[in-house]
Amino acid sequence: MKKTFYITTPIYYPSGRLHIGSAYTTCLCDTLRRYKEMRGYDTRFLTGMDEHGLKIVEAARKNGKTPKDHVDHIAQLTKDLWRLLSIGNDDFIRTTQPRHESVIQEIFEQLLRQDDIYLGEYSGNYCVQCEAYFTPTQLSGSDLCPDCGRPTEIIKEETYFFRLGKYQDRLLKFIEANPDFIVPETRKNEVVQFVKSGLNDLSVSRTAFDWGVKVKSDPRHVIYVWIDALSNYISALGYGSADDALYQKYWLKGDEIIHVIGKDILRFHAVYWPIILMAAGIPVNFRLFVHGWYLMKDGKMSKSKGNVIYPDQLVANYGLDSFRYYIVKDLPYGNDGLFTPEDYVSRINTELVNDYGNLLSRAITMVNKYFGGTVKATKHNHALLAYEAELEQTAAEVVASYMEAMDEFKVAAALAAVSSLIGRTNKLIDETLPWELAKPTGDKDALQSVLYHLLEAIRIATILYVPVLIETPAKVFAMLGVGKNASELAGAAFGFQREFRVTDKPIHIFPRLDGETEIKNIKAMMSGESKPEAQAKPAKPLVNIDVFNQIEIKVGLIKAAAVHKNAKKLLVLGIDTGERLRQVVSGIAEFYRPEVLVGKKVLVITNLEPVKLRGEISEGMILCGESPEGILTVIEADPAMNAGDEVR
RNA sequence: CGCGGGGUGGAGCAGCCUGGUAGCUCGUUGGGCUCAUAACCCAAAGGUCGGAAGUUCAAAUCUUCCCCCCGCAACCA
């Protein structure tokens, strides 16, 4: 019986085009899966989409689509991307699929029957206009809606609550008893801290929107994201359905189950998910591997900063294997890493082009030149034997440390081990000087043995690359004349292949990238010169002149300006609008120092309802121009105008 | 004191839990080699490990305080 291995990505939320972060998670899973496959496991790999919720409805409306059409579209784009990246997922779960919906309805009903879920009331300040609740901190003391300024009402809404607290101790004990449940350890500590601070009951249903799975016994409610999204990991296996063979095999009786997640969704997976399983009477036998994020040089990715990069662009320009290699190699285990064009180009050039690809081509050339394309394991007594022995030993150590690292999900470390083998192999050429051995005074047996060692090392390194590189290994094995058995992990030891008959025309596996050109090229992609969807804001509807006339705009003279003591983005302005001095709070602190504003004549909307912003009253609004990047510029009135002049 | 992450040679990172020669990749400089895609190999330079105090025979590592950066949250009437 093969051991089983079940690995999952999170299900992605279709809010936009998938960027390098989701590609990282997915490639990482794919690599681990291929590795386990190579180790002889019976594997299963799941990814998918989380397609419910209010944001989907809104995004769909913006694009003039139904939610269903919207998610169908994004799901297709996502599948296309995974195909492009050669992701070998066995299944693609979508939370809108009937097979999923029926399962979570059942789980919900079960928890309800057990009284783990109860119908309760949520009460809070609600703004009817904005259809949203606001917390006391958001309201900052007043009862006015922070979004529209209208008064909020205290509203009670029905919602189902899940008694998380009931399982708190059980969860803590579980985490303690299973030290590997969450890796790396720092993440585990974070979770333990959180759980110890006490778990509140969790609201698990909504009535405010209906794009979700209805609660079976109470269809006014839809099941909120927690139970809906997290349960995908078992609904995709057919849990609770007529055919639950996969669930039986991979989950219930499975050997290893890994959820790979980013650190942003740790809490849901480390707290809510195990508790849901405990309550449902399903064994918690998964583990979490929590990875870091790709960050950009100047912070978070955003189009205006010119630092967004999409995987498909990199694959189209530099090839699939380069991309997969870079993305799983660059992030240190569990921590954040930086994506830079310089790094991308240099990593590919040094590790794949120079060290690996070039080693292959120099070795093949020599085999052809000195032995007509065929070399075999050869005995000799030359002093160089010691170097060969050292290489053999390095290879054995590398295979061992590679597997050890892979078993702990340390893909970058595993690949670093392979790099060290390749480095050691390049070194052998310098140590043995094959061109000297090839001279009449040289030693032909030693020469053959050296070349044989080069090829064996390349063969072993290539086997270790199989989980990551898709196209390259087959090419390399073909060029070396390596058959199936010798290209499998079991054959990754010196001496397994006794003889090589290599191709007479080596091709370069990885073309060299011209550093400066390609760095520029990638930067151009990042600044979105390839025309990103410009997100044209929908034009506002036509209004009657009367509507406009309701708004009172006056010229105001800024007499005083100060930073808001309790907010980073706000300035508190004292503005003379003719009839009186009024206080206006404005969100331009990032763009103007207070002192430069004093003395400016600006346009002020004077009949807005007053609002408190972070504790300061604001009686009006100054008009600003906003660039696509969100940079605000105050619109100044002609100096000839006077404070209080009406604008129309 | 809102939550979290981080500050280690020019760049990006490891080491910190379990104190005891500060390591890796890239870059720089010098040298070697010619089988190979200006690739490969060797060597060197370069760090008071953000700051201060404390614990200790010994601190990048433990404790306390401070400074700075970056996410998230809040804020743009």
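Below, chain A is the first sequence line, B the second, and so on; all start at residue 1. Keep in mind that this is a model prediction, so the values were computed, not measured.
- Straight-line distance between the C1' atoms of B:G10 and B:A59: roughly 27 Å, to the nearest whole Å.
- In this structure, A:Glu351 atom CD and B:A39 atom P are separated by 15 Å, rounded to whole Å.
- The base-pairing partner of B:C65, taking Watson-Crick or G-U wobble contacts with both distances under 3.5 Å, is B:G51.
- Contact annotation: the side chain of A:Leu288 never approaches that of A:Val183 to less than 4.5 Å [non-hydrogen atoms, C-beta and beyond].
- Phosphate proximity of B:U34 to A:Trp435: present, with a side-chain N or O under 4.0 Å from OP1 or OP2.
- Nearest to the side-chain atoms of A:Lys427 among the listed nucleotides B:C75, B:A36, B:C42 stands B:C42.
- A donor atom on one side chain and an acceptor atom on the other are found under 3.5 Å apart for A:Thr462 and A:Tyr356.
- With distances taken from any side-chain atom of A:Asp430 to the nucleotides B:C41, B:A39, B:A36, the minimum falls on B:C41.
- When the nucleotides B:U37, B:A36, B:G32 are ranked by their closest atom to the side chain of A:Asn358, B:A36 comes out on top.
- For A:Val328 against A:Tyr24, the heavy-atom pair with the smallest separation is CA-CE1, 4.3 Å.
- Atom P of B:G7 sits at a distance of 31 Å from the matching atom of B:C75, rounded to the whole Å.
- Candidate nucleotides B:C40, B:C76, B:C35 were compared by shortest atom distance to the side chain of A:Tyr370, and B:C35 ranks first.
- For the pair A:Leu391 CG and B:C41 C1', the computed distance is 15 Å after rounding to whole Å.
- B:G46 makes up no base pair with any nucleotide shown, lacking Watson-Crick or G-U wobble contacts both under 3.5 Å.
- Taking atom P in both B:G6 and B:A14, the straight-line distance is 9 Å, to the nearest Å.
- Base contact: A:Ile429 has a heavy atom under 4.0 Å from a base atom.
- With P as the reference atom, B:U64 and B:C72 are 29 Å apart, rounded to whole Å.
- For B:C40, the paired base is B:G32 (Watson-Crick or G-U wobble, both distances below 3.5 Å).
- Distances were taken from every side-chain heavy atom of A:Arg362 (C-beta onward) to each of B:C35, B:C41, B:C26; the shortest belongs to B:C35.
- One interatomic measurement links the two molecules: NZ of A:Lys439 to C1' of B:C35, which rounds to 13 Å at whole-angstrom precision.
- Donor-acceptor pairing under 3.5 Å is recorded for the side chains of A:Tyr325 and A:Glu351.
- Nucleotides B:G47 and B:G54, compared at atom C1', are 25 Å apart to the nearest Å.
- Across the C1' atoms, B:U8 and B:U25 are found 15 Å apart, a figure rounded to whole Å.
- For B:C26, the paired nucleotide is B:G10, the pair qualifying as Watson-Crick or G-U wobble because both relevant distances are below 3.5 Å.
- Of the candidate nucleotides B:A36, B:U25, B:C41, B:C41 has the atom lying nearest to any side-chain atom of A:Asn426.
- For A:Tyr326 and A:Tyr318, the ring centers are positioned 6.0 Å apart or more.
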